[in-house]
There are 2 protein chains.
Amino acid sequence: MPFGQHEIAKKLDVSQGTISRALNGKPGVNPKLRKSILTEAKKLGYSLDTNFAARSMRHQALGLSQTTRVICAILPGSLDEFSFSGRFFKGLSTQAAQIACEVVLITHPIGQLPLIVSRGQVDGVVRLLGDLEIASGAVGCPTPWISLFWDIPEADLVTVGQEAAFWKIGRHLAQLGHRRVAFIGPEMPLARERRRGLAAGLALEDASPPVLLVFEKPFAANPVDTRLLVDEVLALPEPVTAIAAYNDYMAVCAIDELESRGVQVPAEMSVTGFDGAVPSGLRGHDLTTVALPLEALGAESVNLLHQRLQNPDGPRRKLILETEFMEGRTAAARVAKA
Amino acid sequence: MPFGQHEIAKKLDVSQGTISRALNGKPGVNPKLRKSILTEAKKLGYSLDTNFAARSMRHQALGLSQTTRVICAILPGSLDEFSFSGRFFKGLSTQAAQIACEVVLITHPIGQLPLIVSRGQVDGVVRLLGDLEIASGAVGCPTPWISLFWDIPEADLVTVGQEAAFWKIGRHLAQLGHRRVAFIGPEMPLARERRRGLAAGLALEDASPPVLLVFEKPFAANPVDTRLLVDEVLALPEPVTAIAAYNDYMAVCAIDELESRGVQVPAEMSVTGFDGAVPSGLRGHDLTTVALPLEALGAESVNLLHQRLQNPDGPRRKLILETEFMEGRTAAARVAKA
DNA sequence: CTGAAAGCGCTAACAT
DNA sequence: ATGTTAGCGCTTTCAG
């Protein structure tokens, strides 16, 4: 069914090599002949992409640049991440268009790279690793790639200031009068950065020293573990008045658990999140959180990747973007105890 | 930088053909030798995908099935569609995993197919065409493909019952006492189906005959045109009490316009949408609408595509799924005029 | 300006 | 059981 340059060559009674020259815009083809070749190719629906495999094989043989003009974004597969993915993907696609590239999105088939990546059909990859992959350490990639949020030695990094973001949350809670706060999250380096910022934000000078209690489990960013952590928080002999969650997803799960146990949010317990990407199935919570600059993260990822492709041996780069505090309705002023 | 089977052959001092046989699991290789070949390949990081281009070229030469195990979903590029895309993509990916395929998502580079499609790097395509493409009629595709919602002769169809869905909206509005209703939408075949269902739903037997006023413009599913249509509706000498929009996006835009002109929703004007995919930037409206079965649409698209790939010359198929009416807070009972 | 031919890595048919 | 070879469609070099 597919056909090649030979087909056009036969029709025009020239050699197949000439067709190649004409289609590639190489010099040394009679302008008249070239025009008729281009016409015939269009008529037959032939383009140099028609037999892309052969072409790229030949390019490889000649050590040519082998650029595919395609970038692959790999994101965790859970539906809950998709309000994240939407705006991020928009940023990726828009910026990619600026450098004449396309972006394809794929949710991660765990434990291995997507086929189009392992087959070398993309120039580069932008990737948000999941907790499990970080833990397993299996993060190879045959092309240059950008890591989102996780600082991986072999990849360039695009992230946000974690400490600064949680400092904003801490300060907000402090201003609301909260002095005993629980942090719930997974046992990960990112969680450590976040609670460090939180502690700093809580430590406003003109208030009593804050108490930050940390509740962490290995892979806690799921409903079951979040509920367990919340239960632990509620079982404290001396209660806290606020829970700062590792991310919005955990915050929403925590609110569910609190409400199901009869604890009013924010009247009896303030809850904050992080990332501004509340699962769409759980609307209306109007979470107090810190929003990620999702479009910018996408756009800058493409920028950094592009620079890396231009200069494969350049120094590794890290880009840290700013976050924005979002006041919602899940954190309120601490009420004095009875 | 890339290397081939020849590299392994040299290391083990066998012929390259034997490497090929071993890696492809063909008979006629000494089990011991095979094992050492597999081990060496793994050590060197070689797989049959390493030089995918050469392999698929050879397959083509032999007329083999040429299956890439990759499906491409092409959706309109606007951010506003993404709450749609998320659940739909989830359905696609989940079902694709069942047939050992991967799905990549790409937002549409207008006027041409994505590179991975035109290069023949995917087995099939699932595609939601935009208004403009429908109008321009340029819908070619080198692989089998599924069209979402739009009935295109050359593709299988996965859609929902448009008339039935709007019948539910019409009935709901009728039950709330609305007899004069405006439909706003683009000038498209789908819009005609929708308002036909709407008219039927409004025509409850035990009520006065309804009046359905139609306001359509060529490509009206955007904020500017929606506002203009709403203005036209508000300028009617004899006012309507409800606006049924072509989709949720137009409904949300319409509500914005109404509120900016001091018209209370739903107190003074009821508004309904369609598709259950409210743009995430415009939450909290709690739209009265009909929800699409997005996961099912995705899953069934993959199913149908899979069947088509199994049986390329089978009859064209259309799959029509059911919708679900969602009572929200933007449609209320008609209040008696002063 | 154009044709002829080499050769990219792979698979399978044929030879040993 | 293993080695050898043809040839997929393409780009480029070398002849003419």
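The figures here come from the full heavy-atom set of this structure, side chains too, leaving out hydrogens, waters and symmetry mates. Chain letters run A, B, ... following the sequence lines, proteins first and then strands; every chain starts at 1.
- In the set D:dC8, D:dT13, D:dG3, D:dG3 carries the atom at the smallest distance from any side-chain atom of B:S15.
- Under a 3.5 Å cut-off, the side chain of B:W150 and the backbone N or O of B:L129 do form a donor-acceptor pair.
- Few gaps surround CZ on B:R316; more than 12 heavy atoms of other groups in view lie less than 6.0 Å from it.
- Of the candidate nucleotides C:dC10, C:dG9, D:dG3, C:dG9 has the atom nearest to the side chain of A:M57.
- Interface remark: the B:R58 side chain does not form any donor-acceptor pair with the D:dG9 base, using a distance-only criterion of under 3.5 Å.
- A heavy-atom distance below 4.0 Å to DNA chain C is reached by none of the residues of residues 28-39 of chain B.
- Rounded to whole Å, the distance from CG on A:L48 to P on D:dC10 is 8 Å.
- Comparing D:dC10, C:dG3, C:dG9 by their nearest atom to the side chain of A:R21 picks out C:dG3.
- With distances taken from any side-chain atom of B:H59 to the nucleotides D:dG3, C:dG9, C:dT11, the minimum falls on C:dT11.
- Of the possible polar contacts, none joining the B:E40 side chain to the B:L12 backbone as a donor-acceptor pair under 3.5 Å is found.
- Between B:Q5 and A:P27, the residue whose closest nucleotide on DNA chain C is further toward the 5' end is A:P27.
- Comparing D:dC8, C:dT11, C:dA12 by their nearest atom to the side chain of B:K26 picks out C:dA12.
- A distance-only check finds a donor-acceptor pair linking the side chain of B:N51 to the backbone of B:F3 [under 3.5 Å].
- Looking only at atom types and distance, the side chain of A:E133 has a donor-acceptor partner in the side chain of A:H108 under 3.5 Å away.
- Ion pairing of B:D156 with B:R308 is present here, as a side-chain N (NZ or NE/NH1/NH2) and a carboxylate O approach within less than 4.0 Å.
- Closest to the side chain of B:V14, out of D:dG3, D:dG9, C:dG7, is D:dG3.
- Between B:R119 and A:Q121, the side chains place no donor N or O within less than 3.5 Å of an acceptor N or O (distance only, hydrogens not considered).
- Terminal axes of the helix from C:dC1-D:dG16 to C:dT16-D:dA1 (five pairs each, C1' rotation axis) are separated by 50°, to the nearest 10°.
- Residues B:R127 and B:L148 form no side-chain contact, since every pair of their non-hydrogen atoms from C-beta on lies 4.5 Å or further apart.
- Residue A:N24 places at least one side-chain N or O closer than 4.0 Å to OP1 or OP2 of D:dT11.
- Between the side chain of B:N24 and the backbone N or O of B:K26, no donor-acceptor pair lies under 3.5 Å.
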